[in-house]
Amino acid sequence: KEVIGRLRCLKAEIEDLELKERELDQQKLWLQQSIKNVMDDSINNRFSYVTYEDICNCFNGDTLLAIQAPSGTQLEVPIPEMGQNGQKKYQINLKSHSGPIHVLLINKE
Amino acid sequence: AGLTPRSALLYKFNGSPSKSLKDINNMIRQGEQR
Amino acid sequence: AQKYQDLEVDRQRRLERIKQKQSQLQELILQQIAFKNLVQAEQQANWPPPSNSIIHLLFIVNTSKKTMTDCSISNDKFDFDNTFEIHDDTEVLKQMGLARGLESGSCSAEHLKMARSLIPKALEPYVTEMSQRSISSVFVTSS
C-alpha cells in the first residue's frame, strides 16, 4: 500500500515536471524571439556597440582578438595535443558559409 | 576535416549558449593544469 | 518496485534537464537586459565615440595572458603557442556592469526594478529570483 502511494506521488511529480519543462521550452523560444526583435530594431542596431576601451577594461592586461562573424559560423577548438617540438598546440578553427569573418587585434599598447 | 566531437569542442555564432564557450575555456585550462 | 525505480530515474533526468533549461533562460534574460542597458547608455551619451574606436555586436573575444603569444592566422584557423580563453559579447557586457549585478545576485532595488521593465512580464519572477540567487525556488513556486 505504501509503495503504491509513493508511486502515485512520483507520477504526479513527473506530470508537474513535464509541464514545467514545456513551459521553459516555450519561454526560451519566446525570449529568443524577443532578443532577435530587440537586436534587429533599426535604432537599437545603431547603438549596439562597445568601444575598444570598454573591452580592454574588461580584460586588463590581456592580448585581445575580437572576432566578428555571421550567425551560424562554426567555431571549433580541438583538444590541445603535444606537438612534435614538445610544445602543446592550441588552435581555433572557424568556418563560415554566409559571409566573411573579421578579426581585430585590440591591444592597449 | 574528420574531427569527431570527442576530439574538439564546438560553438556556433548566435546559436550556441555561453556555456559552450565556458566548456571550451575549462577544457583548455584543465589541459594546462595537467 | 521496478516501476518505481524507472520513474525515479525519469524524475532525476527531468530535474537535470529543467535545471539546465532554467540556466539557459537566465542567460538569455541577462543578454536582453545587458543589451537594452547598452543601447540606453549609448543613446544618452553626450557624444558618440569616434567610428574607428568602436566594435559592433555580435563578436567574441579571445584573450591570452602572455603578451608574447605567437598567433598565426590563415584563412580558416588560428594557431597559438599558449593557452587562451574565449568570451562572447554578452560576457563583455556583463563585465561592463550592464547586467547591473543580476548575474551575481548583487542587484540593487532600483536596478532590479529597471531590469524587470526590460523583459517580457511573464519572465519577471525569474529576474526577482536571480537578484536573490535562489533560482530553485522558482520551480517550486510554479509547480
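Residue numbers begin at 1 in each chain, while the letters A, B, ... track the order of the sequences.
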**Fill in**
Taken to the nearest 0.5 Å, the spacing of C:Met114 CE from C:Arg100 CZ works out to 7.0 Å

**Asked** Taking every heavy-atom pair that is under 4.5 Å apart, which of A:Gln27, A:Lys28, A:Lys11 has the most such pairs with chain C?
**Response** A:Gln27

**Value rounded to 0.5 Å, distance of CD in C:Gln31 from OG1 in C:Thr90** = 4.0 Å

**Request:** Ignoring hydrogens and angles, tell me if any N or O in the side chain of A:Asn57 forms a donor-acceptor pair with the backbone of A:Glu53 under 3.5 Å.
**Result:** yes

**Prompt:** Which one, A:Val77, A:Leu75, A:Asn44, A:Asp25, leads in non-hydrogen pairs under 4.5 Å with chain C?
**Reply:** A:Asn44

**Asked** Is it the side chain or the backbone of C:Leu123 that comes within 4.5 Å of chain A heavy atoms, both, or neither?
**Response** side chain

**Prompt:** So, A:Asn37 and A:Ser34: side-chain donor and acceptor under 3.5 Å apart, yes or no?
**Reply:** no

**Message:** Heavy-atom cut-off 4.5 Å, strictly under: side chain, backbone, both or neither for C:Gln43 against chain A?
**Reply:** both

**Message:** Quick check for you: among C:Ile55, C:Ile29, C:Val92, C:Leu38, which has the greatest number of heavy-atom pairs under 4.5 Å with chain A?
**Reply:** C:Ile55

**Request:** Sort C:Phe35 into side chain, backbone, both or neither according to what part of it lies under 4.5 angstrom from a heavy atom of chain A.
**Result:** side chain

**Item:** A:Leu65 side chain near C:Phe80 side chain, heavy-atom distance below 4.5 Å
**Value:** yes

**Asked** Checking A:Leu19 against chain C: side chain, backbone, both or neither under 4.5 Å from a heavy atom?
**Response** neither

**A:Ile67 portion near chain C, given a 4.5 angstrom heavy-atom threshold** = both

**Asked** CD of C:Gln12: more than 12 outside heavy atoms within 6.0 angstrom?
**Response** yes

**Message:** Just verifying a value: how many Å separate A:Ile4 CD1 and A:Cys9 SG, rounded to the nearest 0.5 Å?
**Reply:** 12.5 Å

**Audit row: C:Phe78, A:Asn93, side-chain contact (heavy atoms from CB on, under 4.5 Å) steps and yes/no** = CA-CA 6 Å; C:Phe78 299 87; A:Asn93 297 330; over 6 Å; no

**Item:** Heavy-atom contact with chain C under 4.5 Å, split by part of A:Asn45
**Value:** backbone

**chain C interface, residue from A:Ile55, A:Thr51, A:Leu10, A:Val3 that has the most non-hydrogen pairs under 4.5 Å** = A:Leu10

**Item:** Interchain contact, C:Glu91 with chain A, by part (heavy-atom threshold 4.5 Å)
**Value:** neither

**Over 12 foreign heavy atoms within 6.0 Å of CD, C:Glu8** = yes

**Part of C:Arg17 within contact of chain A (heavy atom distance under 4.5 Å)** = side chain

**Item:** Any donor-acceptor N/O pair, C:Lys36 side chain to C:Leu118 backbone, under 3.5 Å
**Value:** yes

**Request:** Please flag which part of A:Arg6 lies under 4.5 Å from any non-hydrogen atom of chain C: side chain, backbone, both or neither.
**Result:** both

**Request:** Look at C:Asp89, C:Val39, C:Ile119 and state which one has the largest set of heavy-atom pairs under 4.5 Å with chain A.
**Result:** C:Val39

**Request:** Let me know if A:Glu18 has heavy atoms under 4.5 Å from chain C in its side chain, its backbone, both or neither.
**Result:** both

